[in-house]
K.L.:
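Pasting a structure below so you can have a look.
Because only heavy atoms are used, hydrogens play no part in the values below, and waters and symmetry mates are left out as well, while side chains stay in. Quick caveat, the model's predicted, so the values are computed rather than measured.
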Amino acid sequence: MLTLGRVPEQSTRPGLPRPPACWLTCWLALCAAEAAPACPFLCVCEGPDVDCSGLGLTAVPPDVPAAARSLLLLNNKLSVLPGWAFANLSGLQRLDLSNNFLDQLPGTVFRDLGNLTELQLRNNSIRTLDSGLLRGTPRLRHLDLSLNGLAQLPPGLFDGLAALRSLSLRSNRLQRLDRLTFEPLAGLQLLQLGGNPWECGCSLRAFKHWMEWFSYRGGRLDQLACTLPKELRGKDMRAVPMEMFNYCVQLEEEPGAPCAKASPEPPRPRPGAEPEPAPSTACPQKQRYRPASVRRAIGTVVIAGVVCGVVCVMMVVAACYGCIYASLMAKYHRELKKQQPLMGDPEAEHEDQKQISSVA
């Protein structure tokens, strides 16, 4: 029969550890807690999706899990983003920074987001963009830059974004766009440009060619209403005929020799003689070509149409009058022939003599 003092001796023998079941459970729970990613304070985490929207944040939470696939930071008070804000989030696929106070973005802020497919920057105060801002996001498919203060897009901004499908630039301050900026977007399907003060002049001529090519291959484009010049205000840029831009070719500077060749050195004046004034070598200023006013052209067409219409009506009336007059004269001559007596009829002549004598 075993004694009570020998039980701990058997349980403490080396090579036969038997920890209690509660210790094992606590140890497994501690390991699971250490392995599970921590969720930022006040944020809501559902698997790989992290929602930190509407919390009044002024900075990106530093403890966002590295395994996050979606990060929502909309409706906060973010005004500045450091270049390393998303350095540890290489697996991020969706990033929403809408409805904040961002006015400038560092060129390296998205450089580590190689798997990013959707970027929302709607309704901020962004005025300028770095040309290399999107250089590290080759898989980007959806980009929203609407409701900002963008006045221009830097060349090379969309280089390497062949996978981009939709782009929104609505409600900015864009007046002109460069065709070369959009040519790398070979897979673009939707482009939104409405709500901008477009200047429909020579600066948009090349981009108009690109828009026609974009629409021809099946791309969708919203209305691009002109603001300037006033003759085209409110008219869609796509409806403006290309003939309106023929004068742009004349305004372009053609390379060539200067307008005045270098003249030989003038002869030295004789002593005592008055120096002659040197001939002017300045290039004559070319008069700026002014395109024909659309309003005047339309007025001329309307007036010419009215005049031609009046002339046509007068010609029709004259033709009708001539026809009526000819028919009446023909009828009159027929009646007159019926009333005239036949030549050589003695009875008719006798009756005529009686009428004449009675009258006398």
K.L.:
Is it true that, when you exclude R238 itself, more than 12 heavy atoms of the residues, nucleotides or ligands shown sit nearer than 6.0 Å to its CZ?
P.N.:
yes
K.L.:
For L97 and L81, run side-chain contact (heavy atoms from CB on, under 4.5 Å): C-alpha distance rounded to whole Å, both residues' side-chain angles, the deciding distance at 0.1 Å, then the answer.
P.N.:
CA-CA 11 Å; L97 294 167; L81 289 179; 3.9 Å; yes
K.L.:
Apply side-chain contact (heavy atoms from CB on, under 4.5 Å) to residues K77 and L57 and explain how you reach the verdict.
P.N.:
CA-CA 5 Å; K77 298 180 180 180; L57 301 176; over 6 Å; no
K.L.:
Looking at every heavy atom in both V50 and P65, which two are closest together, and how far apart are they?
P.N.:
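Heavy-atom minimum between the residues: CG2-CD, 4.1 Å.
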K.L.:
Begin from the C-alpha positions of S98 and N123 and carry the test side-chain contact (heavy atoms from CB on, under 4.5 Å) through to its verdict.
P.N.:
CA-CA 6 Å; S98 303; N123 194 17; 5.6 Å; no
K.L.:
I need the L129 CG to L134 CG distance, nearest 0.5 Å.
P.N.:
7.5 Å
K.L.:
OG/S146 to CZ/R170 distance, rounded to the nearest 0.5 angstrom?
P.N.:
8.0 Å
K.L.:
Please evaluate residues R94 and L72 with respect to the criterion side-chain contact (heavy atoms from CB on, under 4.5 Å), reporting the C-alpha separation (whole Å), side-chain torsions for both, the decisive distance (0.1 Å), and the verdict.
P.N.:
CA-CA 8 Å; R94 181 189 178 193; L72 306 181; 3.8 Å; yes
K.L.:
Are any non-hydrogen side-chain atoms of D112 and W84 less than 4.5 angstrom apart?
P.N.:
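Not in contact.
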K.L.:
Between K208 and E212, is there a salt bridge with N-O shorter than 4.0 Å?
P.N.:
yes
K.L.:
Between OG of S90 and CG of L116, what distance do you get to the nearest 0.5 Å?
P.N.:
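Reported value, rounded in 0.5 Å steps: 11.5 Å.
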K.L.:
Supply the atom-to-atom distance C320 SG to M315 CE, rounded to the nearest 0.5 angstrom.
P.N.:
12.0 Å
K.L.:
Is it the case that over 12 heavy atoms from other parts of the model lie below 6.0 angstrom from the CZ atom of R69?
P.N.:
yes
K.L.:
Report yes if the side chains of L153 and F158 come closer than 4.5 Å at any heavy-atom pair, otherwise no.
P.N.:
yes
K.L.:
Quick check for you: to the nearest 0.5 Å, what is the distance between L204 atom CG and D178 atom CG?
P.N.:
10.5 Å
K.L.:
So, N172 versus N196: side-chain donor-acceptor pair below 3.5 Å or not?
P.N.:
no
K.L.:
Compare every heavy atom of R217 with every heavy atom of A186, then report the nearest pair and how far apart it is.
P.N.:
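Answer, listing the atom of A186 first, then R217: O-NH1, 3.6 Å.
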K.L.:
Would you name the heavy atoms of P61 and P40 that are closest together and state the gap between them?
P.N.:
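Residues P61 and P40, closest heavy atoms: CB-CB, 3.9 Å.
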K.L.:
According to a 4.5 Å side-chain heavy-atom criterion applied to Ile, Leu, Val, Met, Phe, Trp and Tyr, with indirect links allowed, do L105 and L113 form part of one hydrophobic cluster?
P.N.:
yes
K.L.:
How are the rings of W210 and W213 set to each other: parallel, tilted or perpendicular (split at 30° and 60°)?
P.N.:
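Tilted.
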K.L.:
With a 6.0 Å cut-off (strictly less than), is the heavy-atom count around CD of Q104, excluding the residue itself, greater than 12?
P.N.:
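For Q104, atom CD is not crowded (no more than 12 foreign heavy atoms under 6.0 Å).
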K.L.:
Assess the side chains of N124 and N100: does a donor N or O sit below 3.5 Å from an acceptor N or O?
P.N.:
no
K.L.:
What's the spacing between L224 CG and L193 CG if we round to 0.5 Å?
P.N.:
5.5 Å
